[in-house]
Amino acid sequence: AMLRLRFLTWDVKDTLLRLRLPVGESYAAEARAHGIRVQPEALTSSFREAYGAQSRLFPNYGQGRGLSSQQWWVDVVKQTFRLSGVHEEGVITLMAENLYHDFCSAGNWEVLPGANETLSQCCQRGFRMGVVSNFDNRLEKILSQCNLRHHFEFVLTSEETGFAKPDGRIFQKALRLSGVPPEQVAHVGDDYTRDYMAARAVGMHGFLLRAAGQSAEPEVPPEHVLPRLSHLLTLIEK
């Protein structure tokens, strides 16, 4: 039976947008501009460590802990450089602030194949849409710069709502904003726990974008799996 969907919510990172380069390459380029040579691989590895530690100490960009998301990110970037052996604090601060602003712009992000076309087709078929993303408050600007913002009635970030997926409260806020009952809403994302399972836990439908070669989650029926975004309307209209 065709799903009676009226509203679609979307994850962003690795669903609609992805980073153009590995983090370490962007950071290494910034360091080079200041005459500092660091291996991109070392920076990528240091970034994972710094980001992981900061996320454990101050979840969801430090919400409710007196930390702005800008400060949260600047600290992660500074620590990434320190862990990679860079110790000139003045330069580290400058690079961190530059990188924070760089990641606001379309220059560091690219729209995933099929994303724009799929969103446009969904709009044409009459689906209303919104964003539900574990992201900081730069997301509105990034979506605008990548020319995707106009597809959505709202952009809900974990920073703004104070709840990060898989917490059901961010989805409940999206449902309130949509004014549509959960059984008529589907969430599209690439993360099994944060996107697929979390949306289903509040009574929504879920579609899991899974790139070729990604390990299969046995609990996901094939009619909920998207090998590519352009497959979405085929599944909805089955």
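None of the values given here were measured: they were computed from a predicted structure.
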Whether Ser178 side chain and Leu175 backbone form a donor-acceptor pair below 3.5 Å: yes
Parallel, tilted or perpendicular, as decided by the 30° and 60° cut-offs, for the rings of Phe103 and Trp109: perpendicular
Distance in Å, Met204 CE paired with Leu5 CG, rounded so as to fall on 0.5 Å steps: 9.5 Å
Minimum side-chain heavy-atom gap His151-Leu148 below 4.5 Å: yes
Ring-face cation of Arg210 near Tyr192 (centre distance under 6.0 Å, axis angle within 45°): no
Donor on one side chain, acceptor on other, His187 and Asp195, under 3.5 Å: yes
Minimal non-hydrogen separation, Ile142 against Cys104, with atom names: CG1-O, 3.3 Å
Arg82 CZ: over 12 foreign heavy atoms closer than 6.0 Å: yes
Ser84 and Ser46 side chains, donor-acceptor separation under 3.5 Å: yes
Arg128 atom CZ, neighbour heavy-atom count above 12 within 6.0 Å: yes
Validation row: Pro181, Arg6 side chains within 4.5 angstrom (heavy atoms): yes
Enclosure of Glu183 CD (heavy-atom neighbours >12, cutoff 6.0 Å): yes
Rounded distance (nearest 0.5 Å) linking atom CH2 of Trp72 with atom CD of Glu159: 10.5 Å
Partners meeting ring-ring contact (aromatic ring centres under 6.0 Å, His included) with Phe7 (sequence neighbours left out): Phe154
Stepwise ring-ring contact (aromatic ring centres under 6.0 Å, His included) check, His224 with Tyr196: CA-CA 9 Å; His224 296 171; Tyr196 181 76; 5.8 Å; yes
Criterion salt bridge (charged side-chain N to carboxylate O under 4.0 Å, His left out) on Lys13 and Asp190, from CA distance to verdict: CA-CA 8 Å; Lys13 188 171 184 289; Asp190 70 306; over 6 Å; no
More than 12 heavy atoms of other groups within 6.0 Å of Met129 CE: yes
Under 3.5 Å donor-acceptor, Asn108 side chain and Asp102 backbone: yes
Arg149 side chain to Phe152 backbone, donor-acceptor under 3.5 Å: yes
Single-linkage hydrophobic cluster Tyr100~Tyr51, side-chain heavy atoms < 4.5 angstrom: yes
Sidechain-backbone polar pair: Ser158 side chain, Asn60 backbone, donor-acceptor under 3.5 Å: no
Arg20, CZ: over 12 other non-hydrogen atoms inside 6.0 angstrom: yes
Straight-line distance of Leu143 CG to Gln145 CD, nearest 0.5 Å: 10.5 Å
His231 and Val225: CA distance, side-chain angles, deciding distance, side-chain contact (heavy atoms from CB on, under 4.5 Å) verdict: CA-CA 9 Å; His231 207 67; Val225 175; over 6 Å; no
